Amino acid sequence: MRTSIRTAGVLAALLATGATGCAGGRTTQDAPPSPVDLTGKIRLVSYTDCAEMTEGLRRAAARNVTPWGFGDAMLFAAREDAGGAKQAAPEQPFSTTNTHEAGVDEPDLVKTDGDRVITVSGGVLRVVDARTRRVTGTLRLVADDQWWAEADLLVHGDRALVLFQGGVIPFGARASARVGPGGPRYVLVDLSGEPRVLGAMTAHGQHVDARQSGSTVRLVVRSQPDVALPAPKEGASEREMLDANRRAVLAAPADAWLPSYEIETGDGAGGAGHPERVGCDQVSHPDSFTGTSMLTVHTIDLAAAAPFGSASPIAVAADGDTVYGTAGSLYVTSNPQWWTARPIDVVPIPEASVPETSVPAPTPTAPPERTEVHRFDVSGPGAPRYVTSGSVSGRLLNQYSLSEYDGHLRVATTSGAEVFGASPSTSESGVYVLDAGTLAPTGSVTGLGRGERIYSVRFTGGLGYVVTFRQTDPLYALDLRDPAAPKVTGELKITGFSAYLHPAGEGRLIGIGQEASEAGRALGAQISLFDVTDPAAPAVLSRFHRKDSGSEAEWDPHAFLYWPATGLAVLPLQSWADGEVTESAALALRVGDREITKLGVVTHPKPAAKKGFAPDGQGIRRSLVIGGDLWTLSGAGLKVSDATTLADRAWIPFA
């Protein structure tokens, strides 16, 4: 089937305008409360059969298609054995991926169990023995000319799941072989001996994120309908183009919306796979939806004999761009801040038919900024269970803007920021507390950082910390212990901002960000130590600043390592002058109770140039601790240093 869906990341978020859900659908939970508007709970309904699903999605999509297709005239602002646990615990302590919630793993470039270091770089998976510091296994997963392929890892026992976010051609596949519908690819690798591929799944859509609890991985993918829209006729008006597109949508079959994927089994997992689609009975929809986006949650049990067949995927007629997970809940949120870039001849489609061309067309207006939240129960094995949906005002920054605690979900958002020409003077931020069981609003505190936007958020127990910034950095301390009456207890104003906040023991926070001038211009990386013992009087105790520099940890917390046992903090740091990178290293700091001191830097040899790639940009990305060693990872290899003195101990090149 030919696809003419363009601007895939755009059409998925047309949730700002919706359609009434199909009557007669059964709910996915017993006796749900009546649906209310987006200030509270949104009832999600599953379809009874494919005919009902197709009719509902056709009409919703027809209402939201434009003369140019799904989204071309739209703008977006923002975005055990056999795989079980190992039999014996490692004898030396080791760090794990820096994640939002303890016990919930997140995909990253490197993983360790204390005995092995497992990495994926340039489409090649490598296993390194932590004691001998030697590469014990290598597996190329993509063709040699796809060395640029970005991938992350999740590991359980002797099985690794490699997550390629974009479509890739598996290594060894014949050019003529059908290797899947494109999109993200998930490859299962056996690590018990020389690494080998056990199977793979390719999803038709876009990878959103993944979370792992124990051996169970939840993959979140979003997709758009595969509808063949007609090519515009020469001289056709926008009205004629719109009507033609709507007719095509209304004639599209059910398969156009059902998310598809392919599963490949056997060594190598290349060539043709087994095409699959999410069943109509596994698709649900909220009361308002556009029919232009589908959210699918795949479940993979890395300890199962057939991991890709461990549970059927479920889908929701909704959009998603941010994933937050706890041991029992998976939250997927979307920021439906979408509207047409310029006035076009668009009218709502009546329930019963395609609109007549004589119906007048209103001028599109910007919908209110809202973040929609969908919660799934992942406390048990198998496929997740949809629980409920809701929404709050404003836009999320990232997953750290969400936190489930004591039966409630806290959500921090900014409204009216510099989006689509909105004046920054209209912006403000807030924290909303929702009942986790219903996602109905419980309480809120708003009006934070007027004229600014959120740069970082951290929730710790019943307290929360929000950093907003435009020219100065207010750090707000919040008391959230009473869900019905959250409140600001203190505020600290300093220059610069923290883009990531990390707990560092009782009453202490580490801030990773940028120092800034009084005019708000970034001046270089800054690591701050905050005293938050007294919520009414947060204070800065110490700051380390390196001018004309920045760190990946500012936007990706996986790049930050904090080892509480010794107060060691490590983060990638790039310094520059006159637009050129002058140093790419791992900065090691010692974080004490009242001060931050520099321990030193770790550097790697520059990798040889590879097929036109500029190696200077391939600096240190990650760091981890195993026993008394500090390991640092770059595209060139792994370096082992003394975790106390940073003295070199070993260099493991990636040949």
Side-chain angles (χ1 to χ4, degrees), residues 90 92-98 108-112 114-117 119 121 128-135 500 502 504-505 510-512 524-529 542-554 556-576 581-607 615-616 618-654:
Q92 51 189 350
F94 61 93
S95 63
T96 56
T97 300
N98 182 26
D108 199 19
L109 309 174
V110 60
K111 299 289 179 180
T112 183
D115 294 326
R116 302 169 296 187
V117 177
T119 74
S121 175
V128 178
D129 184 88
R131 299 183 188 280
T132 64
R133 301 165 187 163
R134 295 181 180 276
V135 176
Y500 171 66
H502 191 91
I510 300 171
I512 311 296
Q526 179 169 264
I527 298 87
S528 305
L529 178 62
S542 182
R543 306 173 90 178
F544 176 89
H545 169 57
R546 171 71 67 86
K547 69 176 183 178
D548 299 328
S549 66
S551 174
E552 183 179 354
E554 294 175 37
D556 188 350
H558 297 148
F560 181 65
L561 166 69
Y562 177 64
W563 190 240
T566 62
L568 175 67
V570 185
L571 64 160
L573 191 72
Q574 281 197 334
S575 300
W576 53 80
V581 175
T582 58
E583 182 182 42
S584 182
L587 171 66
L589 304 170
R590 190 75 68 194
V591 180
D593 185 59
R594 303 194 63 83
E595 66 176 352
I596 297 173
T597 56
K598 180 180 177 181
L599 181 60
V601 296
V602 176
T603 60
H604 286 194
K606 290 184 178 180
D616 288 348
Q618 201 169 8
I620 294 175
R621 302 284 309 279
R622 298 291 186 269
S623 54
L624 51 93
V625 168
I626 303 177
D629 292 337
L630 171 66
W631 292 65
T632 48
L633 169 72
S634 70
L638 282 160
K639 190 171 190 177
V640 186
S641 308
D642 185 286
T644 301
T645 66
L646 302 187
D648 292 352
R649 286 186 170 174
W651 168 245
I652 307 165
F654 292 164

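This structure is a prediction, so every number in the text was calculated from the model and none was measured.
The backbone N or O of V110 lies less than 3.5 Å from no partner atom in the side chain of T119, so there is not a single donor-acceptor pair. Although no hydrogens or angles enter the test, the distance criterion places no donor-acceptor pair under 3.5 Å between the side chain of D629 and the main chain of V640.
If you take CG on L599 and OG1 on T645, they are separated by 8.0 Å, rounding to the nearest 0.5 Å. Once rounded to the nearest 0.5 Å, the distance linking CD of Q92 with CZ of R131 reads 4.5 Å. Taking CG of L646 as the start and OG of S641 as the end, the distance is 6.0 Å to the nearest 0.5 Å. A distance of 6.5 Å separates NE2 of H558 from OG1 of T97, quoted to the nearest 0.5 Å. L571 contributes atom CG, which lies 10.0 Å from atom CD of E552 (distance to the nearest 0.5 angstrom). Separating the OG atom in S623 from the OH atom in Y562 is a distance of 14.0 Å, to the nearest 0.5 Å.
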For this session: Verify side-chain contact (heavy atoms from CB on, under 4.5 Å) between L561 and L630, making sure each step is shown before the conclusion.
Result: CA-CA 10 Å; L561 166 69; L630 171 66; 3.9 Å; yes
For this session: Under the side-chain contact (heavy atoms from CB on, under 4.5 Å) rule, what do L529 and E595 come out as? Steps first, then yes or no, please.
Result: CA-CA 7 Å; L529 178 62; E595 66 176 352; 5.7 Å; no
For this session: Start with the C-alpha distance between F560 and I510, add both sets of side-chain angles, then the distance that settles side-chain contact (heavy atoms from CB on, under 4.5 Å), and finish with yes or no.
Result: CA-CA 11 Å; F560 181 65; I510 300 171; 4.2 Å; yes
For this session: Would you sort out whether I652 and V117 count as a side-chain contact (heavy atoms from CB on, under 4.5 Å), showing the intermediate values?
Result: CA-CA 11 Å; I652 307 165; V117 177; over 6 Å; no
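Considering only heavy atoms from C-beta on, L587 comes within 4.5 Å of F544 through its side chain. Within the 4.5 Å cutoff, side-chain heavy atoms of T566 are placed close to those of R590. Residues W631 and I626 are in side-chain contact: their nearest non-hydrogen atoms beyond the backbone lie under 4.5 Å apart. Side-chain contact between L573 and V601 is absent, with no heavy atoms from C-beta onward closer than 4.5 Å.
Of all non-hydrogen atoms in S542 and I596, the two that sit nearest each other are OG-N, 2.9 Å. When all heavy atoms of I620 and A586 are compared, the pair lying nearest together is CD1-N, 3.6 Å. S549 and S575 make their closest contact through CB-OG, 3.7 Å (heavy atoms, listed as atom of the first residue, atom of the second, distance). In this structure, A559 and P572 approach most closely via the heavy-atom pair O-CD, 3.2 Å. In plain terms, the two heavy atoms of A553 and I512 that are nearest each other are CB-CG2, 4.2 Å. Considering all non-hydrogen atoms of both residues, T603 and K639 come closest at O-NZ, 3.0 Å.
Using a 4.0 Å cut-off between charged side-chain N and carboxylate O, D556 and R622 make a salt bridge.
Between H502 and Y500, the ring planes are tilted. Angles from 30° to 60° get that label.
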